[in-house]
Undergrad: 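Sharing a structure, written as structure tokens. Questions coming.
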Amino acid sequence: MKFQHSFLTLITWFLLQACNTQYVQTGKQTSSTRIQYDSLKLYDSTAHYFIAPYKKQLDAQMNVVIGSTQTTLLKERPEGTLGNLIVDAAVWYATKNYPKPIDVSVMNYGGIRIPSIAAGNITVGKIYELMPFDNMLDVLEINGTTLNELLQLVAANGGWPLAGVQFTISNNKAVDIMIGGELLQLNKTYTLITSDYIANGGDNAVMLKNYSKRTGLNYKLRDAILEYVKSAGQLNMQNNGRITVKP
Amino acid sequence: MEELQLNRRRFIKTAASFGAFGLLANSPLSVFARKQSTTITVLHTNDWHSRIEAFPMDGSNAQGLGGAAARVALIEKIRTESEHVLLLDAGDIFQGTPYFNFFGGELEYKLMSQMGYDAATLGNHDFDNGIEGIIKQLPHASFEFINCNYDVSQTPLAKHIKPYKILKKGNIKIGVLGIGIELAGLVPDANYKGIVYNDPVANANKVAAQLKNQHKCDLIICLSHLGYKYGGDKISDVKLAEQSEHIDLIIGGHTHTFLPQPDRIKNKIGKEVMVNQVGWAGIHLGRIDYTFEPLKNKDFQANTTIINIGSNKC
């Protein structure tokens with residue numbers, strides 16, 4: 001009996017040893033896989049039914065077609081048609097809702113949230129994907145010096161969506177800056193339409209932060225894009241040399 | 001339990017120092033111990049951005065890709081094939097489709113809970129509805145949020161964010177820590193009020209050392225929302241890897257980088273760290289399998305097999 005007990009203890013000890021062996025990652029069989037789950041034809045119907053009631057609520061509003069585009073709109077640098085759509089929509093809305101003429105629009109490249117909108121119909125949902133943030137439109141009256149600083153930031157970032165401006169990027173700097181067809185004047189006042197995100201200094205636009213001559217239009221950038229597309233019916237967006245890069 | 005295990009280990013070490021370990025290791029029963037290799041399957045996503053449904057069939061590059069229903073099925077399939085699965089996310093779960101605008105992230109957290117996520121870290125867009133926006137959805141998440149370089153102690157997140165999480169899979173102890181990007185300039189001030197950003201490298205190294213030395217983790221994974229790589233001095237996953245000491249794998253996010261295979265980077269003591277990131281929107285699921293074998297000798301050669309499934313078109 002006593003022998004049996006100690007034998008069991010010994011066995012237990014061996015097992016414990018097995019459990020407490022220090023492990024080492026041999027690396028020999030480390031493998032890495034990136035699985036793209038489209039062609040796998042896997043689908044979980046429980047999850048599908050779980051999503052269904054949410055989807056139904058959204059689809060009723062999101063699948064509404066508000067217009068179309070002749071060409072596939074692209075998010076590109078230094079200039080792209082998707083970015084041009086956003087700034088053009090902002091200028092279009094602000095022109096109607098601000099007492100002074102709008103000179104310039106600047107939005108951040110990172111604010112374009114999808115790589116493209118395919119040629120064809122545009123739905124409400126697609127504009128939500130393009131601009132999911134609830135960013136509001138703000139007009140700032142800024143001097144040429146501040147505008148120049150902002151455009152230097154745009155150039156350093158390789159180009160952001162712009163309207164009312166033309167310039168060349170040379171060695172990461174904005175040169176030959178034209179505003180409304182005239183050379184930028186540092187002491188002149190310009191009206192800028194942008195998002196509250198940028199006006200708050202977002203994406204390092206610190207020169208705009210706490211700028212006093214700022215008017216909130218109390219309107220979402222996304223709603224301006226939605227209304228612009230509705231009003232245009234069919235979009236024919238172009239890249240028209242707002243920013244060029246000097247090789 | 002923790003203490004008991006430590007005591008056992010100490011006991012074995014003591015036994016070994018008396019030569020008893022060597023004797024027993026050569027006995028027939030030790031074969032039993034040697035055979036026990038363990039494979040840990042690490043599955044990971046980043047920057048899901050509320051992409052609940054697969055991309056629509058509209059001719060765009062990503063058409064038909066992603067979608068929660070497909071991911072649920074894929075993860076379930078992998079779980080039937082692999083015993084020890086870890087499921088992790090590197091942040092930016094929120095924002096990008098009307099699902100977030102209308103439901104605030106509820107569905108994202110619920111689906112990730114159904115998939116059985118173990119842990120996620122916070123990305124900048126997870127703050128798009130403010131700290132309160134996260135708190136509101138947390139009841140829908142059965143997984144934990146980890147971050148060790150945001151001081152959240154003065155915010156309502158204090159009770160909810162842990163610096164790290166330890167998981168035990170088979171005989172293997174895995175430590176997972178979280179690292180977040182500087183929120184100033186990316187997130188409106190009001191949305192992260194009270195959170196203090198601390199140095200990612202110092203904090204990651206501190207927590208990783210704790211996981212290694214104090215908790216004796218066999219594998220240390222860092223969930224990072226710093227971004228893959230930048231020009232200049234900005235801290236990134238690559239820079240963190242170079243300056244790290246105990247981290248084995250950095251699962252990244254933020255820059256939406258599709259790495260065809262993980263980067264292998266030498267850390268500050270010359271050891272290899274893997275850095276991986278699988279794009280965005282749930283188009284890909286990353287999978288890294290680690291095989292652990294009982295320690296025989298300390299010098300081992302690392303050979304790696306990389307398997308790629310899926311095209312690189314995104």
Side-chain angles (χ1 to χ4, degrees), chain A residues 11 13-48 50-51 54-55 57-58 61-62 72 113-120 124-126 128-129 132-134 196-197 200-204 206, chain B residues 8-9 12 29 32-33 36 52 58-60 64-66 68-74 76-77 95-103 107 111 114 128 171-172 185 188 218-219 261-262 276 278 283-295 300 302-311:
Chain A
I11 291 288
W13 194 84
F14 271 115
L15 289 174
L16 284 178
Q17 186 202 331
C19 292
N20 284 281
T21 311
Q22 273 191 297
Y23 278 77
V24 67
Q25 183 204 327
T26 59
K28 273 180 191 152
Q29 283 126 310
T30 302
S31 67
S32 121
T33 316
R34 198 179 63 162
I35 310 160
Q36 183 172 294
Y37 41 101
D38 61 330
S39 53
L40 301 168
K41 304 289 173 223
L42 288 167
Y43 203 70
D44 185 88
S45 54
T46 314
H48 175 74
F50 183 78
I51 296 165
Y54 294 87
K55 180 172 161 57
Q57 269 189 65
L58 286 185
Q61 299 167 72
M62 294 300 140
T72 293
R113 300 307 291 181
I114 43 174
S116 63
I117 292 181
V124 174
K126 197 48 83 179
Y128 265 83
E129 290 174 26
F133 314 121
D134 293 335
D196 59 348
Y197 175 76
N200 286 333
D203 260 0
N204 300 315
V206 283
Chain B
R8 277 182 199 154
R9 182 167 282 137
I12 290 160
L29 268 169
F32 186 59
Q36 270 188 328
I52 305 288
D58 61 0
S60 64
L65 304 182
R71 195 187 334 160
V72 168
L74 175 61
E76 273 176 16
K77 185 170 174 280
Q95 189 71 277
T97 69
Y99 281 98
F100 180 72
N101 300 92
F102 284 77
F103 308 115
L107 194 51
L111 286 162
Q114 286 179 16
D128 279 2
N171 291 309
I172 304 301
D218 302 292
L219 179 66
Q261 58 187 58
N276 204 19
V278 289
I283 290 170
H284 292 91
L285 180 71
R287 174 176 179 162
I288 297 170
D289 290 293
Y290 285 93
T291 303
F292 289 85
E293 283 170 29
L295 185 63
F300 65 90
N303 288 313
T304 315
T305 327
I306 306 280
I307 314 151
N308 273 310
I309 299 177
S311 73

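In the text below, chain A, chain B and the rest are named by the order of the sequence lines, each starting its count at 1. These numbers were taken from a predicted model, which means no experiment stands behind them.
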Undergrad: Select, from A:Y128, A:Y54, A:F133, the one with the greatest count of heavy-atom pairs under 4.5 Å involving chain B.
TA: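 Of the candidates given, the most pairs with chain B belong to A:Y54.
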Undergrad: At what distance, to the nearest 0.5 angstrom, does OG1 of B:T97 lie from CE of A:M62?
TA: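 B:T97 OG1 to A:M62 CE: 9.5 Å, rounded to 0.5 Å.
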Undergrad: Does any backbone or side-chain atom of A:K55 lie under 4.5 Å from a heavy atom of chain B? Answer side chain, backbone, both or neither.
TA: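 Both parts, heavy atoms under 4.5 Å.
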Undergrad: To the nearest 0.5 angstrom, please state how far the CG atom of A:L58 sits from the CZ atom of B:F103.
TA: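 These two atoms lie 4.0 Å from each other.
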Undergrad: So which of B:P188, B:G96, B:G286 has the largest heavy-atom pair count under 4.5 angstrom toward chain A?
TA: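 Going by pairs under 4.5 Å, I would pick B:G96.
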Undergrad: Find the one option among B:Q95, B:E76, B:Q114 whose heavy-atom pairs under 4.5 Å with chain A are most numerous.
TA: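 When all of B:Q95, B:E76, B:Q114 are compared, B:Q95 has the most.
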Undergrad: Heavy-atom pairs under 4.5 Å with chain B: which of A:I117, A:I51, A:N204 has the most?
TA: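 Most pairs with chain B among the choices: A:I51.
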Undergrad: Please list, chain by chain and in numerical order, all residues satisfying side chain to side chain donor-acceptor pair (under 3.5 Å) with B:N276, sequence neighbours excluded.
TA: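 With sequence neighbours excluded, B:N276 shows a side chain to side chain donor-acceptor pair (under 3.5 Å) to B:H44, given in chain and number order.
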Undergrad: Side chain, backbone, both or neither: which part of A:Y197 has a heavy atom under 4.5 Å from chain B?
TA: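 A:Y197 touches chain B through side-chain heavy atoms alone.
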Undergrad: For A:Q57 and B:F102, run side-chain contact (heavy atoms from CB on, under 4.5 Å): C-alpha distance rounded to whole Å, both residues' side-chain angles, the deciding distance at 0.1 Å, then the answer.
TA: CA-CA 9 Å; A:Q57 269 189 65; B:F102 284 77; over 6 Å; no
Undergrad: Calculate, to the nearest 0.5 Å, the distance between atoms CG and CG belonging to B:N101 and A:D134 respectively.
TA: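 The distance works out to 6.0 Å.
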Undergrad: Within this structure, what is the CD-CZ distance for the pair A:E129 and B:F100, rounded to the nearest 0.5 Å?
TA: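 So the CD of A:E129 and the CZ of B:F100 are separated by 14.5 Å.
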